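Worksheet for the structure shown next.
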Amino acid sequence: MIRKPIFAANWKMNKGPSETEDFVNSFLSKTQGLSLTAEIVIAPPFVSLPKLADLLHNSNAQSIQIAAQNCSQFDSGAYTGEVSVLMLREFFVHYVILGHSERRSIFGETDQVINAKIRKAREANLKPIFCIGETLAEREAGKLQSVLKTQVTDGLKDVSEKDLADIVIAYEPVWAIGTGVTATTEQAQEAHAFVRSLVAELYGSEPANKIRIQYGGSVKPNNAAELMACPDIDGALIGGASLEPQSFLEIITNGTQTE
Ligand code: PEP
């Protein structure tokens, strides 16, 4: 089963339009002539989406897809500060990161809210990058599997098999995000295989074998290759190390040499 690896840059609340322009110009100049075998996604803050869309459109860099870092579960109306899926579509957004641990822990998003957002995103044909992962306390209390099971089951509630085909799961142990501590390849592979088994329980083995499961949590150029060599890891969601064009590129090139 060939699953095309997907490397997504989550810039979080970094890079307004002018820094986005600097990054893209530098990144594109470095990728020229390279044949990258992965799907590349960049998720800037909302305000930088128009600039990113313009730059990619004008450069013909169709292999790079645009993601939003969030979307509303509602269509329109009195939801101050929110952005709808149809607004995102106007800026050629194809992916949307949902369920990130920072959205869960800082902004109180529950599995039910995340599920509503996933279903709303699919209505607009946006592809969710659906993040799940346990805290250190949960792992140490032996709750890894039960936490992942709840997140996967509740997050994908009433999501059809057809829609699942356009969803990417990102397994991100919370204790590895932005900490410089990466899961070992054994820990990552074990969790990914377990998540795939959960998808198989819900949808059967064929959709489970097809779904891409990214790893996220302090991925860097020097650990990308060993993580990506794990059989159930299909790319990475990258925060800090995606802010520099060179390190993002090295993660992609090192991570795809294992293919
Ligand atoms: C993330 O925020 O999704 C992430 C994985 O961050 P970092 O790479 O900085 O750990």
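One-based numbering, in listed order, for ligands and for the atoms of each. Along the sequence shown, the residues carry numbers beginning at 1. Just so it is clear, the structure is predicted and the values come from calculations on it, not from any experiment.
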Close N/O pairs between ligand 1 and protein, under 3.5 Å:
residue  : atom   : partner : partner atom : Å
ligand 1 : 2 (O)  : Lys12   : NZ           : 2.6
ligand 1 : 2 (O)  : His100  : NE2          : 2.8
ligand 1 : 3 (O)  : His100  : NE2          : 2.9
ligand 1 : 3 (O)  : Glu172  : OE1          : 3.2
ligand 1 : 3 (O)  : Glu172  : OE2          : 2.6
ligand 1 : 6 (O)  : Gly239  : N            : 3.4
ligand 1 : 8 (O)  : Gly239  : N            : 2.8
ligand 1 : 9 (O)  : Gly240  : N            : 2.8
ligand 1 : 10 (O) : Gly178  : N            : 2.6
ligand 1 : 10 (O) : Ser218  : N            : 2.8

Flag the pair Arg122 / Val85 as yes when at least one side-chain heavy-atom distance between them is below 4.5 Å, and no otherwise.
no
Could you work out, with side chain to side chain contact (heavy atoms under 4.5 Å, CB included) as the rule, every residue matching Asp154, not counting sequence neighbours?
Asp111, Gln112, Thr150
Within the side chain of Asn254, is there an N or O that forms a donor-acceptor pair under 3.5 Å with the backbone of Pro221?
yes
For residues 42-52, tabulate all N or O donor-acceptor pairs below 3.5 Å that involve a side-chain atom, not counting sequence neighbours.
residue : atom : partner : partner atom : Å
Ser48   : OG   : Lys15   : O            : 2.9
Ser48   : OG   : Gly16   : O            : 3.4
Ser48   : OG   : Thr20   : OG1          : 3.4
Lys51   : NZ   : Glu21   : OE1          : 3.3

Taking side-chain hydrogen bond (donor to acceptor under 3.5 Å, both in side chains) as the test, write out the residues that go with Glu123, two or more places apart.
Lys120
Donor-acceptor check, side chain of Glu172 to backbone of Gly133, threshold 3.5 angstrom: yes or no?
no
